[in-house]
Amino acid sequence: MTSTSTPAVFAEPVRRVPGRWIAAFAVAWLGVWMAQLAPIQKLLPDQVQAELHTTYWVDNVIAFGVISGISGVCAIIAYPLTGALSDRTTSRFGRRRPWIAAGTVVFAISLVLLGLQTSVVGMGVFWSLALTGFCILTAALTATISDQVPVDQRGYVSGWISAPQAIGIILGVALVTYVFAGALLGYTAMAVLLVLLVLPFLFLPDAVLPRELRERMSWRGVVEGLWISPRRHPDFGWTLLSRVLVNFGNAFGTSLLLYFLEFGLRDPNADDDLLILILVYMVFVIVASLVLGRLSDRLGRRKAFVFASSAVQGVAALLLAFVPQLSVAVVAAALLGLGYGCFLSVDQALATQVLPDPENRGKDLGIMNIALAVPQAVAPLFGAMIVAALGGFAGLFVLSALFAFAGALAVARVKAVR
């Protein structure tokens with residue numbers, strides 16, 4: 001029940017969300033992931049390679065990594081700022097829906113304009129704008145979990161963030177490769193699908209914040225709010241650190257797999273075999289995120305799942321490092337998918353349970369989301385530099401394993417959540 005001292009809009013939800021809410025939530029994330037991952041995996045690298053006119057893969061990856069890294073800086077700003085603004089939004093449409101709509105529009109328009117670019121600078125500008133829209137949209141969308149989903153349902157609902165990610169990367173890349181070939185057509189298709197798939201969620205209820213409960217906002221207050229003291233809120237700090245470490249570990253282990261097949265294993269069928277690895281990885285992501293997310297709800301436990309999922313990813317990376325064979329890579333892909341799928345769903349639920357202030361859920365989850373976006377943005381650049389410096393991929397995968405194991409140790413320090 002809602003405490004008499006806690007306004008309903010800030011209270012922990014107790015009513016389970018229905019299937020239609022979960023379905024609209026999952027469909028929205030499918031659109032989000034297709035619009036983000038198809039450019040990262042296919043459209044943007046192809047644009048960069050066409051502009052550079054070089055066949056040396058490190059040059060291409062470094063140029064792509066610079067663009068992606070700049071966009072990562074945008075994420076550092078956009079995530080917590082959008083979260084803070086949505087926490088204080090008093091629109092009659094609710095706190096989160098206006099920002100979901102605005103982020104969708106910015107994301108979609110930026111993608112279409114990105115398809116028109118013929119210079120690396122233009123690509124960098126409009127991909128940064130696109131990722132800013134992505135952050136605005138997903139910061140508000142993620143906050144709806146804390147706003148509307150009870151604790152004992154959050155593992156399962158969070159699984160419907162990661163399962164659509166697995167489907168979205170396959171479907172998005174397939175569409176821009178075989179159906180909507182070409183930069184402009186591919187980006188435009190992803191933009192249109194984004195809008196169509198997010199739209200149903202905008203028709204679901206969203207709690208309205210009364211104006212008298214709105215916390216006054218200043219730029220100084222926003223900046224100061226970005227720092228959450230790990231001394232005062234150690235569980236938040238350890239969860240955030242674990243997220244950063246595990247996501248860096250996963251990004252190092254997956255972002256250069258095509259180049260690992262081509263130049264590490266000298267695989268003549270690298271493109272086809274990469275598709276096999278992606279399919280294996282994604283199947284295990286989907287199964288793990290939905291099954292293990294729900295199991296964590298039933299058991300009322302989060303830490304053990306996050307610890308085990310992080311460790312499993314570390315083992316997979318060590319297999320890639322020390323047994324560089326295609327058959328072993330398939331096994332590693334399965335382990336990575338199993339570990340990361342479980343991590344995505346259960347760790348998201350864990351994150352919602354260590355937030356310091358119910359009035360600032362959006363801002364605090366925005367800070368948490370930085371740990372998802374930034375590693376994925378900068379890992380290709382750092383990974384290419386590591387491979388070039390060490391003359392091979394083994395060092396990159398060992399580093400991936402170390403990050404994953406360190407993430408497991410960090411989450412073990414969380415005290416307030418089982």
Side-chain angles (χ1 to χ4, degrees), residues 22-47 64 67-68 71 75 100-115 123 126-142 158-202 250-251 254-255 257-258 274-275 277-279 281-283 285-286 289-290 337 340-341 344-345 348 369 372-373 376-377 380:
I22 298 174
F25 183 77
V27 167
W29 278 106
L30 177 61
V32 168
W33 290 128
M34 281 198 296
Q36 193 224 9
L37 295 174
I40 288 177
Q41 295 294 326
K42 175 67 177 174
L43 295 171
L44 193 54
D46 284 354
Q47 265 187 304
F64 171 74
I67 292 173
S68 189
S71 69
I100 293 173
T104 301
V105 171
V106 172
F107 194 4
I109 292 175
S110 299
L111 285 176
V112 175
L113 295 176
L114 177 58
M123 295 172 206
F126 285 99
W127 179 243
S128 295
L129 289 174
L131 196 71
T132 299
F134 166 84
C135 293
I136 294 171
L137 163 57
T138 56
L141 195 56
T142 304
S158 296
W160 287 107
I161 298 176
S162 46
Q165 181 182 25
I167 299 168
I169 187 172
I170 294 292
L171 184 57
V173 171
L175 286 173
V176 300
T177 301
Y178 302 113
V179 181
F180 304 107
L184 180 58
L185 187 58
Y187 283 120
T188 302
M190 294 302 101
V192 171
L193 287 171
L194 169 68
V195 173
L196 292 177
L197 294 177
V198 171
L199 192 60
F201 193 81
L202 294 175
N250 182 269
T254 59
S255 61
L257 274 179
L258 176 60
L274 176 65
L275 183 60
L277 293 182
I278 291 174
L279 286 171
Y281 174 79
M282 292 308 171
V283 166
V285 167
I286 294 169
S289 61
L290 297 179
Y340 198 54
L344 283 172
S345 58
Q348 182 64 44
N369 284 337
L372 292 174
Q376 297 294 333

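The model shown is predicted, which means the values in this text are computed figures rather than measured ones. Note: hydrogens, waters and symmetry copies are ignored here, and every other heavy atom, side chains too, is used.
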| task | Rounded to the nearest 0.5 Å, what's the gap from CD1 on I40 to CH2 on W33? Could you check? | result | 8.5 Å
| Closest contact, heavy atoms only, A108 versus A191 | O-CB, 3.5 Å
| field | Stepwise side chain to side chain contact (heavy atoms under 4.5 Å, CB included) test for Y340 and T254 | value | CA-CA 11 Å; Y340 198 54; T254 59; over 6 Å; no
| Do you know which two heavy atoms are closest between L111 and A130, and how far apart they sit? | CD2-CB, 4.2 Å
| request: Starting at CG of L344, measure out to CH2 of W160 and round the result to the nearest 0.5 Å. | output: 14.5 Å
| message | Distance check, rounded to the nearest 0.5 Å: L171 atom CG versus L37 atom CG? | response | 11.5 Å
| request: Check each of T104, V106, T142, V105 against L137 using the side-chain contact (heavy atoms from CB on, under 4.5 Å) test, and report the only one that passes. | output: T104
| query | So do the side chains of V32 and L194 get within less than 4.5 Å of each other, counting heavy atoms only? | reply | yes
| field | OG1 on T132 to CH2 on W127, rounded to 0.5 Å | value | 10.5 Å
| said: Looking only at side-chain N and O atoms, does Y187 offer a donor or acceptor that is under 3.5 Å from a partner on Q47? | reply: yes
| request: Give the minimum heavy-atom separation between G182 and L43, together with the two atoms involved. | output: O-CD2, 4.2 Å
| Has the side chain of S345 got a donor or acceptor atom that lies under 3.5 Å from a matching backbone atom of G159? | no
| query | Is the closest side-chain heavy-atom distance between M34 and L197 below 4.5 Å? | reply | yes
| remark: Correct closest heavy-atom pair for A166 and V285 would be CB-CG1, 3.9 Å
| Close side-chain approach of V176 and Q41, heavy atoms under 4.5 Å | no
| task | Applying side chain to side chain contact (heavy atoms under 4.5 Å, CB included), run through M123 and L114 and close with a yes or a no. | result | CA-CA 6 Å; M123 295 172 206; L114 177 58; 4.2 Å; yes
| field | Nearest heavy-atom neighbours spanning L184 and V112 | value | CD1-O, 3.7 Å
| If you measure from OG on S68 to CG on L131, what distance do you get to the nearest 0.5 Å? | 7.5 Å
| Side-chain contact, heavy-atom cut-off 4.5 Å: L141 with V198? | no
| task | Could you tell me whether the side chain of Q348 and the main chain of I161 form a donor-acceptor pair under 3.5 Å? | result | no
| field | Parallel, tilted or perpendicular: rings of F134 and F107 (30°, 60°) | value | perpendicular
| message | Nearest 0.5 angstrom please: Q165 CD to I170 CD1, how far? | response | 11.5 Å
| note | Heavy atoms of P45 and P39 approach each other most closely as CD-O, 3.2 Å
| query | Would I67 and F126 count as a side chain to side chain contact (heavy atoms under 4.5 Å, CB included) if you check the C-alpha gap in whole Å, the side-chain angles of each, and the deciding distance to 0.1 Å? | reply | CA-CA 10 Å; I67 292 173; F126 285 99; over 6 Å; no
| field | Close side-chain approach of I167 to W29, heavy-atom, < 4.5 Å | value | no
